[in-house]
Student: 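The following block contains the structure, expressed as structure tokens.
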Amino acid sequence: PLEMSAKRPVPFLRQVVPVRKKVQRDPRFDDLSGEYNPEIFMKTYSFLDSIKKQEKEMVQKQLKKCRNVEQKEKLQRLLNRMTQQEQAQKKQQELRERELSLKRQQRELAKQGKKPFFLKKSEKRKLELADKYAELKRSGKLESFLNKKRKRNAIKDRRHLPSQKNL
């Protein structure tokens with residue numbers, strides 16, 4: 001027939017106006033949020049360091065005043081976590097600075113017309129170990145560090161040796 005039949009059943013959930021679906025986006029992976037640059041991030045949120053320092057001092061004061069054993073342990077754990085975060089941040093900053101200095105050196109060499117040379121991960125690790133060794137030697141903690149390292153290696157070696165039961 002030329003005309004269509006109007007006797008079709010109406011759908012149960014009929015959409016009169018189409019509803020736009022909300023698109024959820026994660027700012028960590030979205031281009032709208034921009035690129036992550038650690039230097040800019042550190043400069044932008046540098047005020048947090050002073051706040052963290054104040055909080056750490058406040059926790060230390062509370063720890064000195066506290067008499068309750070459970071509360072004291074809780075505060076001690078919090079203080080330890082704060083110091084560990086601080087140390088990790090310093091270590092990360094030093095690593096970033098070291099990488100930046102290497103990049104600067106490579107740029108200078110490239111400007112002079114030399115071919116750029118990029119370090120492998122293993123060589124970066126060796127340089128890091130050398131820096132750590134120099135730091136320990138300067139602070140006078142080298143001997144204790146080496147003793148601990150020897151003990152750790154001895155335990156690892158013992159694990160690989162055949163046990164007395166097998167002999």
Side-chain angles (χ1 to χ4, degrees), residues 19-111 116-161 163:
V19 181
R20 286 181 63 194
K21 187 179 176 185
K22 284 188 177 180
V23 179
Q24 291 184 347
R25 58 186 199 89
D26 192 342
R28 295 174 298 174
F29 309 113
D30 202 356
D31 291 334
L32 292 172
S33 302
E35 298 256 336
Y36 172 68
N37 191 342
E39 284 75 34
I40 295 172
F41 182 85
M42 291 300 290
K43 284 179 187 174
T44 309
Y45 294 101
S46 61
F47 67 94
L48 289 176
D49 292 335
S50 60
I51 294 171
K52 283 180 183 177
K53 198 173 188 178
Q54 289 173 351
E55 286 178 352
K56 189 177 174 182
E57 289 171 2
M58 199 168 70
V59 169
Q60 284 174 334
K61 286 178 185 176
Q62 285 180 348
L63 189 63
K64 285 180 183 177
K65 289 179 185 177
C66 188
R67 298 282 177 239
N68 189 358
V69 178
E70 292 174 15
Q71 188 71 21
K72 203 166 192 173
E73 286 178 8
K74 201 174 186 181
L75 287 171
Q76 188 63 46
R77 280 197 300 268
L78 179 64
L79 188 65
N80 287 342
R81 190 168 71 226
M82 286 175 152
T83 53
Q84 284 175 350
Q85 284 176 350
E86 202 175 283
Q87 288 171 350
Q89 194 175 12
K90 281 182 184 176
K91 192 174 183 182
Q92 203 172 29
Q93 183 66 29
E94 287 172 6
L95 187 71
R96 203 175 294 122
E97 286 174 4
R98 192 178 300 127
E99 286 178 4
L100 280 172
S101 67
L102 286 172
K103 281 183 183 179
R104 276 193 218 105
Q105 287 175 355
Q106 291 304 322
R107 282 194 199 115
E108 287 174 16
L109 289 173
K111 282 180 185 176
F117 174 73
F118 301 102
L119 290 172
K120 289 187 262 179
K121 241 183 191 179
S122 60
E123 295 191 7
K124 283 182 185 176
R125 210 175 296 128
K126 284 178 186 174
L127 285 173
E128 201 173 311
L129 272 172
D131 289 345
K132 187 176 182 180
Y133 180 85
E135 175 66 32
L136 286 168
K137 194 170 188 178
R138 193 165 42 84
S139 64
K141 298 177 182 176
L142 180 66
E143 198 57 44
S144 63
F145 174 77
L146 289 176
N147 285 336
K148 284 180 187 177
K149 192 85 170 166
R150 276 189 212 104
K151 284 180 184 176
R152 243 181 271 137
N153 288 338
I155 291 169
K156 282 182 186 177
D157 290 342
R158 269 193 230 116
R159 205 176 296 147
H160 293 295
L161 287 174
S163 63

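Everything quoted here is computed from the prediction, not taken from an experiment. Throughout, residue positions are numbered sequentially from 1 according to the sequence presented.
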Student: List the steps and the verdict of side chain to side chain contact (heavy atoms under 4.5 Å, CB included) for M42 and Q89.
Tutor: CA-CA 10 Å; M42 291 300 290; Q89 194 175 12; 3.5 Å; yes

Student: Identify the heavy atoms of F117 and E123 that sit nearest to each other, and give their distance.
Tutor: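 Looks like CZ-OE1, 4.3 Å.
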
Student: Once side-chain hydrogen bond (donor to acceptor under 3.5 Å, both in side chains) is applied, do any residues pair with R158, and if so which ones, sequence neighbours excluded?
Tutor: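 None.
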
Student: Nearest 0.5 angstrom please: Q106 CD to L119 CG, how far?
Tutor: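 One gets 7.0 Å once the value is rounded to the nearest 0.5 Å.
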
Student: Between L75 and V59, what is the shortest heavy-atom contact and its length?
Tutor: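 It is O-CG1, 3.8 Å.
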
Student: How long is the gap from CZ on R104 to CZ on R107, to the nearest 0.5 Å?
Tutor: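 The CZ atom of R104 sits 8.0 Å away from the CZ atom of R107.
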
Student: Which heavy atom in L100 sits nearest to a heavy atom in E39, and how many Å separate them?
Tutor: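 Shortest heavy-atom separation between L100 and E39 comes out as CD1-OE2, 3.8 Å.
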
Student: Could you work out, with side chain to side chain contact (heavy atoms under 4.5 Å, CB included) as the rule, every residue matching R152, not counting sequence neighbours?
Tutor: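 For R152, the residues satisfying side chain to side chain contact (heavy atoms under 4.5 Å, CB included) (neighbours in sequence not counted) are K148, K149.
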
Student: Would E128 and L95 satisfy side chain to side chain contact (heavy atoms under 4.5 Å, CB included), going step by step from the backbone distance to the final call?
Tutor: CA-CA 9 Å; E128 201 173 311; L95 187 71; 3.7 Å; yes

Student: Go through the structure and list residues passing side-chain hydrogen bond (donor to acceptor under 3.5 Å, both in side chains) with N68, not counting sequence neighbours.
Tutor: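 side-chain hydrogen bond (donor to acceptor under 3.5 Å, both in side chains) list for N68, sorted by chain: empty.
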
Student: What pairs with D131 under salt bridge (charged side-chain N to carboxylate O under 4.0 Å, His left out), at least two apart in sequence or on another chain?
Tutor: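 In terms of salt bridge (charged side-chain N to carboxylate O under 4.0 Å, His left out), with neighbours along the sequence ignored, D131 is linked to R98.
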
Student: Who are the side-chain hydrogen bond (donor to acceptor under 3.5 Å, both in side chains) partners of D30, not counting sequence neighbours?
Tutor: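 side-chain hydrogen bond (donor to acceptor under 3.5 Å, both in side chains) check on D30 returns R25.
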
Student: I'd like to know if the side chain of R81 pairs up with that of Q84 as donor and acceptor (distance under 3.5 Å, no hydrogens or angles considered).
Tutor: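 There is no such pair (donor and acceptor under 3.5 Å, judged by atom type) between the side chains of R81 and Q84.
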
Student: Suppose we screen for salt bridge (charged side-chain N to carboxylate O under 4.0 Å, His left out). Which residues come up paired with D31, at least two apart in sequence or across chains?
Tutor: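 Residues passing salt bridge (charged side-chain N to carboxylate O under 4.0 Å, His left out) with D31: none at all.
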
Student: Report the distance from atom NZ of K151 to atom CD1 of I155, rounding to the nearest 0.5 Å.
Tutor: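 Between K151 NZ and I155 CD1, I get 8.5 Å after rounding to 0.5 Å.
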
Student: If you define the side chain from C-beta out and look only at heavy atoms, does anything of E55 sit under 4.5 Å from M82?
Tutor: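 Side chain of E55 against side chain of M82, heavy atoms only: contact under 4.5 Å found.
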
Student: Would you please name every residue forming a side chain to side chain contact (heavy atoms under 4.5 Å, CB included) with I40, sequence neighbours left out?
Tutor: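 Expected list: N37, T44.
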
Student: Please list, chain by chain and in numerical order, all residues satisfying side chain to side chain contact (heavy atoms under 4.5 Å, CB included) with L161, sequence neighbours excluded.
Tutor: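 Not a single residue meets the side chain to side chain contact (heavy atoms under 4.5 Å, CB included) criterion with L161.
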
Student: What residues, two or more places apart in sequence or in another chain, satisfy side-chain hydrogen bond (donor to acceptor under 3.5 Å, both in side chains) together with D157?
Tutor: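 Listed in chain order: nothing, the list is empty.
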
Student: Determine whether more than 12 heavy atoms belonging to other residues, nucleotides or ligands lie under 6.0 Å from atom CD of E57.
Tutor: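 More than 12 heavy atoms, drawn from other residues, nucleotides or ligands, come within 6.0 Å of this atom.
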
Student: Which residues pass the salt bridge (charged side-chain N to carboxylate O under 4.0 Å, His left out) test with E86, not counting sequence neighbours?
Tutor: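 By the salt bridge (charged side-chain N to carboxylate O under 4.0 Å, His left out) rule, E86 matches K56.
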
Student: Measure the CD-CG distance between E73 and L78 for me, rounded to the nearest 0.5 Å.
Tutor: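 Nearest 0.5 Å value for the CD-CG distance: 13.5 Å.
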
Student: Just jot down the salt bridge (charged side-chain N to carboxylate O under 4.0 Å, His left out) partners of E135, sequence neighbours excluded, or say none.
Tutor: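 E135 satisfies salt bridge (charged side-chain N to carboxylate O under 4.0 Å, His left out) with R138 only.
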
Student: Is the closest side-chain donor-acceptor distance between N147 and R150 under 3.5 Å?
Tutor: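 Note: N147 and R150 side chains meet the donor-acceptor criterion.
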
Student: List in chain and number order the residues that pass ring-ring contact (aromatic ring centres under 6.0 Å, His included) with F41, two or more places apart in sequence or in another chain; answer none if no residue qualifies.
Tutor: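 Counting only residues at least two positions away or on another chain, F41 forms a ring-ring contact (aromatic ring centres under 6.0 Å, His included) with Y36, Y45.
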
Student: Strictly distance-based, threshold 3.5 Å: is any side-chain N or O of S33 a donor or acceptor partner for the main-chain N or O of F29?
Tutor: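 No.
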
Student: Identify which one of E99, Q93, E94 satisfies the side-chain hydrogen bond (donor to acceptor under 3.5 Å, both in side chains) criterion when paired with R96.
Tutor: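 When side-chain hydrogen bond (donor to acceptor under 3.5 Å, both in side chains) is applied between R96 and each of E99, Q93, E94, only Q93 qualifies.
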
Student: Roughly how far apart are L146 CG and L136 CG, rounded to 0.5 Å?
Tutor: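 L146 CG to L136 CG: 8.0 Å, rounded to 0.5 Å.
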
